[in-house]
K.L.:
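Have a look at this one before I ask anything.
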Amino acid sequence: MKDTLVVLSGPTGVGKTSLSVELAEHFGSDIISCDSRQIYREMVIGTAAPDLQQLERVRHHFVRFLSVNEYYSASLFERDVLALLPELFEKNPVVLMTGGSMLYTDAVCKGIDDIPDTDPAVRIKYLNKYKSEGVEGLRLALKLLDPVHYSKVDLRNPRRLMRALEITESTGKPYSSFLTAEKRERDFRILKVGITLDRNELYSRIDSRIDKMMAAGLEDEARSLVQYRGLNALNTVGYSEMFRYFDGEITFEQAVGLIRRNTRRYAKKQLTWWGKDKEINWFNAGEPSVIIKWLDHQVRGI
RNA sequence: GGUCGGUUGGCCGAGUGGUCAGGCAUCGGUCUGCAAAACCGGGUACGGCGGUUCGAAUCCGCCACCGACCU
């Protein structure tokens, strides 16, 4: 039987975590968590990270293993997962990867182009340029430095412009020259499974999950992290709204309302992203037995 | 019974004769190293019926509903 990576995707709140524990136990697999925020050990409640019981039942990788002030990225995730997989496949021919970070999932499944590390000072330089000259300043700079990418990129998105500029300047070569969009071949089979729910049902699950987070003490967790609010890790649904509440900018109720809304938007964004992926086999989240049966058939031929 | 005010898209809210204000929600989309990020797009609605007008959400009349006040 060929080594198989089962990739479980689905919008936030759909029930991935508990389903993945069930699936992992069924296949005797570990779980590779594919979640750009659950990697931080200080962010537990707001990221709905697996609880201790779940962590005990199945070994999870890439959960709570970094501190919020540590840098991480989709590319590092690709590297780390590929390094770990041989070891996991040795124990078991089926490995489950699950999580909601789209770019991370794709990095593992398809690869991401090799782009040299950038000089942090350059990143700051362009951030300052953006602050002082706005998107227009970034546009002009990119037009000079990398006209090819200039013609393709979304010229209204500062994040993308800054990224291209920092690469171009750090490496001395245009950002566009690094982009091959080549799909990397993997030496294991990838089986993609998506789970979703009717939109209204999903939204009401999201609402009740947020109620649980609040009851579990999200406010206190956020308060304990307020010193890190400038870090990207904290630019996360659930935390940034709480920070605005702490500032007195909005009321507690407004903050909770915004968390609900932003979580819905995130779920929508995930569905849009995965909706384009024709390799995903979709299932209703409410029918785990159907999924297990299908996977058994695919993986073990039974 | 009377007087006055109001009735705008899912919600809030501006407009007051002639290129569908705007915000929120919602829906849809983009995406190659901070991605739970960043960005983009979509709504001819004006209580009802008549009238005036080339043209009415905007003016007039009647009706309905809501509110305040008066008898």
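So that the names make sense, note that chain A is the first sequence line, chain B the second, and so on, each numbered from 1.
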K.L.:
Distance alone, cut at 3.5 Å: any donor-acceptor contact between the side chains of A:D146 and A:S176?
P.N.:
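Yes, A:S176 and A:D146 have a side-chain donor paired with an acceptor closer than 3.5 Å.
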
K.L.:
Between A:D30 and A:H61, does any side-chain donor sit less than 3.5 Å from a side-chain acceptor?
P.N.:
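There is such a pair between these side chains.
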
K.L.:
Which hydrophobic side chains are connected to A:Y126, either touching it within the sub-4.5 Å cutoff or through other members that do?
P.N.:
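Once heavy-atom contacts under 4.5 Å are chained together, A:Y126 belongs with A:V122, A:L127, A:Y130, A:V135, A:L138, A:L142, A:L145, A:Y150, A:V153, A:L155, A:L161, A:M162, A:L165.
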
K.L.:
Expressed in whole Å, how much space separates the P atoms belonging to B:rA57 and B:rC49?
P.N.:
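Nearest-Å result for B:rA57 against B:rC49 at atom P: 12 Å.
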
K.L.:
Provide the distance between the two P atoms, one in B:rG15 and one in B:rA21, to the nearest whole Å.
P.N.:
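Result for the P pair: 13 Å, nearest Å.
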
K.L.:
When rounded to the nearest Å, what value does the distance between P atoms of B:rU19 and B:rC24 take?
P.N.:
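Straight-line distance between the two P atoms is 25 Å.
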
K.L.:
Heavy atoms within less than 4.0 Å of RNA chain B: which residues of residues 234-257 of chain A have one? Give them sorted by number.
P.N.:
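Close to the strand are A:N235, A:T236, A:V237.
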
K.L.:
Expressed in angstrom and rounded to an integer, what is the separation of A:R265 atom CZ from B:rU30 atom P?
P.N.:
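In whole Å, B:rU30 P lies 18 Å from A:R265 CZ.
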
K.L.:
Can you figure out which of B:rG29, B:rC27, B:rC34 approaches the side chain of A:Y71 most closely?
P.N.:
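So the side chain of A:Y71 is nearest to B:rC34.
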
K.L.:
Roughly how far apart, to the nearest Å, are B:rG5 and B:rG41 at atom C1'?
P.N.:
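B:rG5 and B:rG41 have their C1' atoms separated by 40 Å.
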
K.L.:
Please determine if a side-chain N or O atom of A:Y175 lies less than 4.0 Å away from the OP1 or OP2 oxygen of B:rG33.
P.N.:
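Yes, such a contact exists.
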
K.L.:
Reckon A:D35 touches a base, only the sugar-phosphate, or nothing at all at heavy-atom distances under 4.0 Å?
P.N.:
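Here A:D35 touches the bases of the nucleic acid.
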
K.L.:
Would you indicate, yes or no, if B:rG33 has its OP1 or OP2 atom less than 4.0 angstrom from a side-chain nitrogen or oxygen of A:R160?
P.N.:
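Result: yes.
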
K.L.:
Treat each ILVMFWY residue as a node, draw an edge where side-chain heavy atoms are under 4.5 Å apart, and state whether A:V63 and A:V95 are in one component.
P.N.:
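Each belongs to a different hydrophobic cluster.
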
K.L.:
Is the phosphate of B:rU26, meaning OP1 or OP2, less than 4.0 Å from a side-chain N or O of A:K268?
P.N.:
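Checking A:K268 against B:rU26: no side-chain N or O falls below 4.0 Å of OP1 or OP2.
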
K.L.:
Give A:Y72 one of three labels, base, sugar-phosphate or nothing, depending on what nucleic acid heavy atoms sit under 4.0 Å from its own.
P.N.:
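Touches sugar-phosphate only.
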
K.L.:
Look at all strands and tell whether A:D114 reaches a base, only sugar-phosphate, or nothing, counting heavy atoms closer than 4.0 Å.
P.N.:
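If one applies the 4.0 Å heavy-atom cut-off, A:D114 turns out to touch a base.
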
K.L.:
Using only heavy-atom distances, determine whether the side chains of A:T272 and A:K268 contain a donor-acceptor pair under 3.5 Å.
P.N.:
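Looking only at side-chain atoms, A:K268 and A:T272 do form a donor-acceptor pair, the distance falling under 3.5 Å.
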
K.L.:
Taking the side chain as everything from C-beta on, heavy atoms only, tell me whether A:M214 gets closer than 4.5 Å to A:V256.
P.N.:
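Yes, their side chains come closer than 4.5 Å.
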
K.L.:
Please determine if a side-chain N or O atom of A:Y104 lies less than 4.0 Å away from the OP1 or OP2 oxygen of B:rA35.
P.N.:
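Yes, because at least one side-chain N or O of A:Y104 sits under 4.0 Å from OP1 or OP2 of B:rA35.
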
K.L.:
Do A:Y72 and A:I115 land in one hydrophobic cluster if side-chain heavy atoms of ILVMFWY residues count as linked below 4.5 Å?
P.N.:
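No: no chain of side-chain contacts under 4.5 Å links A:Y72 to A:I115.
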
K.L.:
Please state the C1' separation for the pair B:rC40 and B:rA45 - nearest whole angstrom.
P.N.:
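These two C1' atoms come out 25 Å apart once rounded.
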
K.L.:
Which whole-number value in Å describes the distance from A:K110 NZ to B:rG33 C1'?
P.N.:
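Rounded to whole Å, this separation is 16 Å.
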
K.L.:
When you check the phosphate oxygens OP1 and OP2 of B:rC27, does a side-chain N or O of A:Y203 lie under 4.0 Å from one of them?
P.N.:
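Yes, A:Y203 has a side-chain N/O under 4.0 Å of OP1/OP2 on B:rC27.
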
K.L.:
For A:Q270 and B:rA37, what is the distance between atoms CD and P respectively, to the nearest whole Å?
P.N.:
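Nearest whole value for this atom pair: 10 Å.
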
K.L.:
Without decimals, in angstroms, what is the distance between A:W273 CH2 and B:rA38 P?
P.N.:
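About 15 Å, once rounded to whole Å.
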
K.L.:
Does B:rU30 have OP1 or OP2 under 4.0 Å away from a side-chain N or O of A:R156?
P.N.:
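It does not, given that no N or O in the side chain of A:R156 lies less than 4.0 Å from OP1 or OP2 of B:rU30.
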
K.L.:
Quick one about A:E70 and A:Y40 (side-chain donor to acceptor, distance below 3.5 Å, no hydrogens or angles considered), yes or no?
P.N.:
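Side-chain D/A pair, A:Y40 to A:E70: absent.
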
K.L.:
Base, sugar-phosphate or nothing for A:R184? Non-hydrogen atoms, less than 4.0 Å.
P.N.:
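Nothing: the residue A:R184, judged by heavy atoms under 4.0 Å, touches no strand.
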
K.L.:
Expressed as a whole number of angstroms, how long is the span from A:L161:CG to B:rG33:P?
P.N.:
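Going from CG in A:L161 over to P in B:rG33 covers 13 Å.
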
K.L.:
Is a donor from one side chain sitting under 3.5 angstrom from an acceptor on the other, for A:Y266 and A:Q270?
P.N.:
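A:Q270 and A:Y266 do have a side-chain donor-acceptor pair below 3.5 Å.
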
K.L.:
Using the P atom on both, measure B:rU44 against B:rG9 and round to a whole Å.
P.N.:
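The same atom, P, in both gives a distance of 14 Å.
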
K.L.:
Write down the distance between CZ (A:R163) and C1' (B:rA38), rounded to a whole number of angstrom.
P.N.:
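From A:R163 CZ to B:rA38 C1': 14 Å.
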
K.L.:
Counting the atoms with a prime plus P, OP1 and OP2 as sugar-phosphate, which does A:K269 contact under 4.0 Å by heavy atoms, base, sugar-phosphate, or nothing?
P.N.:
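Base contact - A:K269 has a heavy atom under 4.0 Å of at least one base atom.
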
K.L.:
Does a side-chain N or O of A:T272 approach OP1 or OP2 of B:rG29 to a distance below 4.0 Å, or not?
P.N.:
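Answer yes for this pair, as a side-chain N or O of A:T272 is under 4.0 Å from OP1 or OP2.
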
K.L.:
Ignoring the backbone of A:R264, work out which of B:rA35, B:rU26, B:rA36 is nearest its side chain.
P.N.:
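Ranking B:rA35, B:rU26, B:rA36 by closest atom to the A:R264 side chain puts B:rU26 first.
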
K.L.:
When the nearest nucleotide of RNA chain B is assigned to A:R37 and to A:K276 on a heavy-atom basis, which residue is associated with the more 5' position?
P.N.:
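That would be A:K276.
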
K.L.:
Scan side-chain atoms only and decide if A:N92 and A:S29 contain a donor-acceptor pair under the 3.5 Å cut-off.
P.N.:
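Looking only at side-chain atoms, A:S29 and A:N92 do not form any donor-acceptor pair under 3.5 Å.
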
K.L.:
Quickly work out the A:L179 CG to B:rC31 P distance and round it to whole Å.
P.N.:
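Those two atoms, CG and P, are 13 Å apart.
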
K.L.:
From C-beta outward on A:D154, which listed nucleotide comes closest to its side chain: B:rU26, B:rA38, B:rC39?
P.N.:
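Nearest nucleotide to the side chain: B:rC39.
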
K.L.:
Contact class for A:T47 vs. all strands (heavy atom < 4.0 Å): base, sugar-phosphate, or nothing?
P.N.:
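The answer is base, as A:T47 lies within the cut-off (heavy atoms under 4.0 Å) of a base atom.
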
K.L.:
Using the C1' atom on both, measure B:rC31 against B:rA38 and round to a whole Å.
P.N.:
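Taking atom C1' in both B:rC31 and B:rA38, they lie 9 Å apart.
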
K.L.:
I'd like to know if A:R205 pairs up with A:D198 as an ion pair, taking the criterion as any Lys NZ or Arg NE/NH1/NH2 lying under 4.0 Å from an Asp or Glu carboxylate oxygen.
P.N.:
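Judged by the 4.0 Å cut-off on N to carboxylate O distance, A:R205 and A:D198 do not form a salt bridge.
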
K.L.:
Verify the ring-centre separation between A:Y175 and A:F178: is it less than 6.0 angstrom?
P.N.:
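No - the distance between ring centres of A:F178 and A:Y175 does not fall below the 6.0 Å cut-off.
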
K.L.:
To the side chain of A:I115, which of B:rA35, B:rC27, B:rG33 is closest?
P.N.:
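Comparing B:rA35, B:rC27, B:rG33 against the side chain of A:I115, the answer is B:rG33.
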
K.L.:
Rounding to a whole Å, what distance do you find between A:N157:CG and B:rC34:C1'?
P.N.:
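Between C1' of B:rC34 and CG of A:N157: 13 Å.
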
K.L.:
Checking all strands, does A:T118 fall into the base, sugar-phosphate, or nothing category for heavy-atom contacts under 4.0 angstrom?
P.N.:
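If one applies the 4.0 Å heavy-atom cut-off, A:T118 turns out to touch nothing in the nucleic acid.
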
K.L.:
Could you check A:S101 against A:L271 and say which one's nearest nucleotide on RNA chain B is further toward the 5' end?
P.N.:
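The 5'-side residue here is A:L271.
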
K.L.:
Should stems be defined as at least three consecutive Watson-Crick or G-U pairs with both distances under 3.5 angstrom, which of them involve RNA chain B?
P.N.:
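B:1-7 with B:64-70, B:10-12 with B:22-24, B:26-30 with B:38-42, B:47-51 with B:59-63 - these are the stems of 3 or more pairs that involve RNA chain B.
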
